[in-house]
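Just so it is clear: chains get the letters A, B, ... in the order the sequence lines come, proteins before strands, and each one is counted from 1. All values derive from a computational prediction rather than experimental measurement.
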Amino acid sequence: MYKTHTCGELRAEHIGKTVSLAGWVHRRRDHGGVTFIDLRDRFGLVQIVLNPETSPDGHKLAESIRMEWVIQVEGLVRRRPEGAENPNLPTGEIEVEVHTLKILNPAKTPPFLINKDEEADENTRLKYRYLDLRREKMRNNIELRHRVVKFIRDYLDQKGFLEVETPILFKTTPEGARDYLVPSRVHPGEFYALPQSPQQLKQLLMVGGIERYFQIARCFRDEDQRGDRQPEFTQLDLEMSFVEREDVMDLIEDMFTKMIAKVVPEKKIYSTPFPRFKYQEVMERFGKDNPDIRFGLELVNISDLVEHSGFSVFDQAIQSGGFVRGINAKGLGNYTRKQIDELTDLVRQFGAKGLAYIAYTSDGEIRSTFAKFLSPQLQQTIFERMQADKGDLLLFVADKAEVVYESLGRLRVSLAEKLNLLDPDVLAFCWVIDFPYVVWNEDEKRWDPSHHLFTSPMEEDIPLLETDPGKARGQQYDLVLNNYEIGGGSIRIHDRKLQEKVFKLIGLDEDVARERFGHMLEAFEYGTPPHGGIAPGIDRICMILAGEPNIREVIAFPKNQAARDVMADAPSPADLKQLEELHIQVVYPPDLT
RNA sequence: GGUCCCGUGGUGUAGCGGCCAAACAUGCGGCCCUGUCAAGGCCGAGAUCGCGGGUUCAAAUCCCGUCGGGACCGCCA
């Protein structure tokens, strides 16, 4: 037996016990006479003492020991001498007087320090991820993730859910994200696809009478990376039969509320019950369908006030069906021209042609791109509507709706960062409902599902699918947390005729629909219960709870921005023999040889 | 496909036309030291400043290209 106890568990109650410990050398303090080693394992740190009088061999051996060597000791737990306690350490009341010391494995000097929380180059961290995982921050993140998943499993089990595994090798669906394909050896020219999500399978489990299903499911999407997006990621995939959308939302809300209390009790939920917003409302107020509601700075419509102001930027936007909205950036009234230009650059990235402003300085001076077009009375009305005081900066975008929302929505978050309004200890959950059922795809000249093609429209909007599809709403709900969409779900279609109608609406040819989704359509004819579900993203949730800036920090072995595993160096070329077996020939793009 | 930012000893940073064949901290090697806990003291090794080209009397520093990394746009039903 290597260890009778973990390093982290020893307390005063163990005094007098002889213990065996094993772990990594966290730090060594060699005083010439006596040597201290902080011995670390996953459970914590404990100080071990090597004294030449009690352990001459051990003390001698300890001279050669370096950081991250793996050692084993056997010794006596004893109270530290008066005044030598370390209150910063849970084990600080005691120490272990070593009798025998054994080196289990020496270690090369690591490429970055394990015992220090100093930023190391991320590429190096990923290359030596197994060392990075030893660091306290990563250990905490991995543990947090375990707690989150454990809570989910326990909670859903108690609610009568079954965890069911679904295939990783499945069928390609060209709709939506790009698939990762897996060639079939047995069937030349045919491919499996890794699931973008187990969407169809969980619905078929409902047909199969499972009623309450969940899975901690790995999902795969071959799209470009972001801080919150990896090629493979994990969802809590969940589906229930005989439910309406409120049933799903209530369950998830209860689960998260209790999870937060248990897993991160130091965090505060902004509002329980979670606020529920209609899509239209969040767009008008926050400019995004994943709003951060921890702070104000809401968008204000002033189109009606400036309609005939004579300021051509505003007039033209309104005349061509758009509008003018603004944000009161509280307290930024003394921003310089240069600082405002930076904000203008930001909104330009999102399609705005410019940023009109009224800066109301703390001295009461007005600097503005367009105030000269406003009567003093009209200016006053705008100030009132936007609750502007001395020292405020009013920022406006005039354009079509999408551009105004997108640019101001982004500007709003950016301003909140500048104004330090984002409290990391506040978790602002909210629901967004009543999404448009379909959105017009101008490039392809067709309607695309705003969620996915199995989502049910609102029952009363079904007639609209034929008359005015853009007006129809879907039975979809998104769960949003602090500026991130952390989950989306819907009540599904369980009726073959309605499903076929939706396929038709989104321009899916009947033959193609049958080839790709025939199994779904057929299943719907065998007594399919009404059902719905949701799929919260585990990585994003853990990222937010851990206060990390990207999901790589909560994934043990993530890929980099180029979708590469820099530790194992994947992807990598395959042997010719493998390719032949798979009936695959590689055709390189012209700029590669 | 595009925009922006970064690249200096093992690690983290400083230097941003001449004072720099590069500074500080930490790590690394050696010596001293029996109560430290980021132990301390002394000594030492370690970077042609990612790479290539250009501007200049002079480049880590400015410009162009390239490679690597990151953030974002497009993309992500």
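- Judged by distance alone with a 3.5 Å cut-off, a donor-acceptor contact links the side chain of A:Arg78 to the base of B:G35.
- Contacts of A:Gly227 with the nucleic acid, taken as non-hydrogen atoms under 4.0 Å apart, involve only primed sugar atoms and P, OP1 or OP2.
- Using a 4.0 Å heavy-atom distance criterion, A:Ala84 is classed as a base contact.
- A sub-4.0 Å separation between OP1 or OP2 of B:A71 and a side-chain N or O of A:Gln561 is present.
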Quick test: give all pairs of protein nitrogen or oxygen and nucleotides 44-50 of chain B nitrogen or oxygen below 3.5 Å, distance rounded to 0.1 Å.
none

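- Side-chain contact annotation: A:Gln200 with A:Arg516, donor-acceptor N/O pair under 3.5 Å absent.
- Within residues 339-353 of chain A, the residues approaching RNA chain B are A:Gln349, A:Phe350, by heavy-atom distance under 4.0 Å.
- For the C1' atoms, the distance from B:G18 to B:U26 is 31 Å, rounded to whole Å.
- Aromatic rings from A:Trp69 and A:Trp24 are positioned such that their centres are separated by 6.0 Å or more.
- With A:Thr35 contributing its side chain and A:Asp30 its backbone, the two residues share no donor-acceptor pair below 3.5 Å.
- Here the separation of B:U56 from B:G68, taken at their P atoms, is 31 Å to the nearest Å.
- For a distance-only test at 3.5 Å, the side chain of A:Arg226 qualifies as a donor-acceptor partner of the base of B:G74.
- Taking atom P in both B:U11 and B:G53, one finds a spacing of 25 Å when rounded to whole Å.
- Between A:Asp434 and A:Arg245 there is a salt bridge, since at least one side-chain N of the basic residue sits less than 4.0 Å from a carboxylate O of the acidic one.
- For A:Arg27, a side-chain nitrogen or oxygen approaches OP1 or OP2 of B:A39 to under 4.0 Å.
- If you check distances only, the side chain of A:Arg221 never reaches the base of B:C75 with a donor-acceptor pair under 3.5 Å.
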In 5'-to-3' order, the base (B), backbone-only (S) or no-contact (-) status of each nucleotide in nucleotides 6-12 of chain B, using a 4.0 angstrom heavy-atom cut-off, is ----SBS

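- Using a 4.0 Å heavy-atom distance criterion, A:Arg66 is classed as a sugar-phosphate-only contact.
- Remark: the A:Asn560 side chain and the B:G70 base include no donor-acceptor N/O pair separated by less than 3.5 Å.
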